[in-house]
There are 2 protein chains.
Amino acid sequence: MSESTVELDSVANILKLLGDKTRLTMIKILDTHDACVCEFVEIFKTSQPAISQHIRKLKDAGLVRETRRGQWIIYSLSKDSPYYPLVQDLLLHLPNQDFRLKELEEQGLRISCE
Amino acid sequence: MSESTVELDSVANILKLLGDKTRLTMIKILDTHDACVCEFVEIFKTSQPAISQHIRKLKDAGLVRETRRGQWIIYSLSKDSPYYPLVQDLLLHLPNQDFRLKELEEQGLRISCE
DNA sequence: ATTGAATATAATCATTTGCTTATATAATAA
DNA sequence: TTATTATATAAGCAAATGATTATATTCAAT
């Protein structure tokens, strides 16, 4: 069969991880654009530590990987995760979140990280 | 497009709900077989109130519906839920759980509810 | 009517979660 | 070297979660 199944317990963990509005939105955004912590801070109007902690969970689960670029750390979806296919299927059911990055650009806050 | 997207917040809630080993297994089982509380009690080797409370959450979210049959209440997937397509996609990534019902039958515990 | 079986609900409690504040680290710029 | 910016980490705390025990409800059988 073409569907790759994974351990049920692991899937439950992934779903718990994505069962959070902030993290789910992050992943949806990262599906189309890499981003840094400071951008998420703006988008979610919350504290930097809060964002860092969300990101760490996603990173610990292997869903996201980081690349340092100067003083910024750019986060992106880790496409080689065994859960990537599952996550992709999930994201199809979510409305596009590009408007959030658009808002940032209008405020001139997106460029600040590049 | 053919994909039906739903509110991101609602999806986060559904994922949180399914981000629990017990509930996720329940849904996977219900995808192929209706079941009653007493069967889940046997399968998960946990207390009856614990199972009832899990079921209530699934019911409150509209993922599951109940049908009384004598003294038993039979639970089944609610296929008209707006989240049914999402759930179906999810379940494809999970290993089959039929062995759990098979074990029940071998112990003669499945028939007890019919 | 009474008993028993299946299920639900309520109260309680320990654990987990997600935030906050405060502080540390790492890279850049002056 | 010192200051600044981006990010991480730690500690503390309130709220949410999932179990347990005890009790209520509902239907069936006697």
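So you know, we letter chains A, B, ... as the sequences are listed, proteins then strands, and number each from 1.
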Rounded to the Å, how far apart are [X] [atom1] and [N] [atom2]?
{"X": "B:Lys59", "N": "C:dT7", "atom1": "NZ", "atom2": "P", "value": "11 Å"}
{"X": "A:Arg56", "N": "C:dT17", "atom1": "CZ", "atom2": "C1'", "value": "13 Å"}
{"X": "B:Gln53", "N": "D:dT23", "atom1": "CD", "atom2": "C1'", "value": "13 Å"}
{"X": "B:Asp60", "N": "D:dA16", "atom1": "CG", "atom2": "P", "value": "16 Å"}
{"X": "A:Asp20", "N": "C:dT17", "atom1": "CG", "atom2": "P", "value": "11 Å"}
{"X": "B:Lys16", "N": "D:dG18", "atom1": "NZ", "atom2": "C1'", "value": "14 Å"}
{"X": "A:Ile74", "N": "C:dA27", "atom1": "CD1", "atom2": "C1'", "value": "13 Å"}
{"X": "B:Ile51", "N": "D:dA19", "atom1": "CD1", "atom2": "P", "value": "8 Å"}

Would you say a side-chain N or O of B:Ser47 is under 4.0 Å from OP1 or OP2 of D:dT20?
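For D:dT20, OP1 or OP2 has a side-chain N or O of B:Ser47 closer than 4.0 Å.
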Ignoring backbone atoms, establish whether B:Arg23 has a side-chain N or O less than 4.0 Å from OP1 or OP2 of D:dG18. yes
So how far is it from [X] [atom1] to [Y] [atom2], rounded to the nearest 0.5 Å?
{"X": "B:Glu39", "Y": "B:Ile43", "atom1": "CD", "atom2": "CD1", "answer": "6.5 Å"}
{"X": "A:Lys21", "Y": "A:Met26", "atom1": "NZ", "atom2": "CE", "answer": "13.0 Å"}
{"X": "B:Tyr84", "Y": "B:Leu91", "atom1": "OH", "atom2": "CG", "answer": "8.5 Å"}

So if I take every side-chain heavy atom of [X] and compare against [options], which nucleotide ends up nearest?
{"X": "B:Trp72", "options": "C:dT7, D:dT7, D:dA8", "value": "C:dT7"}
{"X": "A:Thr46", "options": "C:dT20, D:dA8, D:dT7", "value": "C:dT20"}
{"X": "A:Ser52", "options": "D:dT9, D:dA19, C:dT7", "value": "D:dT9"}

ask   = Is any side-chain N or O of B:Gln48 under 3.5 Å from a base N or O of C:dA8, one able to act as donor and the other as acceptor?
value = yes
Q: Map A:Ile55 and B:Gln71 onto DNA chain D by nearest heavy atom, then report which one ends up closer to the 5' terminus.
A: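 Result of the comparison: A:Ile55.
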Practice problem: Mind checking A:Lys57 for me? I need base, sugar-phosphate or nothing, with any heavy atom below 4.0 Å counting as a touch. | Solution: sugar-phosphate
Whichever of A:His54 and A:Arg68 has the more 5' nearest nucleotide on DNA chain C, that residue is A:His54
Quiz prompt | Residue pair B:Arg100 / B:Gln97, side-chain donor-acceptor N/O under 3.5 Å | solution =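 Yes, because at least one side-chain N or O of B:Arg100 sits under 3.5 Å from a partner of the opposite role on B:Gln97.
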Q. Can B:Gln88 and B:Leu77 be said to form a side chain to side chain contact (heavy atoms under 4.5 Å, CB included), step by step?
A. CA-CA 10 Å; B:Gln88 285 303 302; B:Leu77 275 200; 4.0 Å; yes
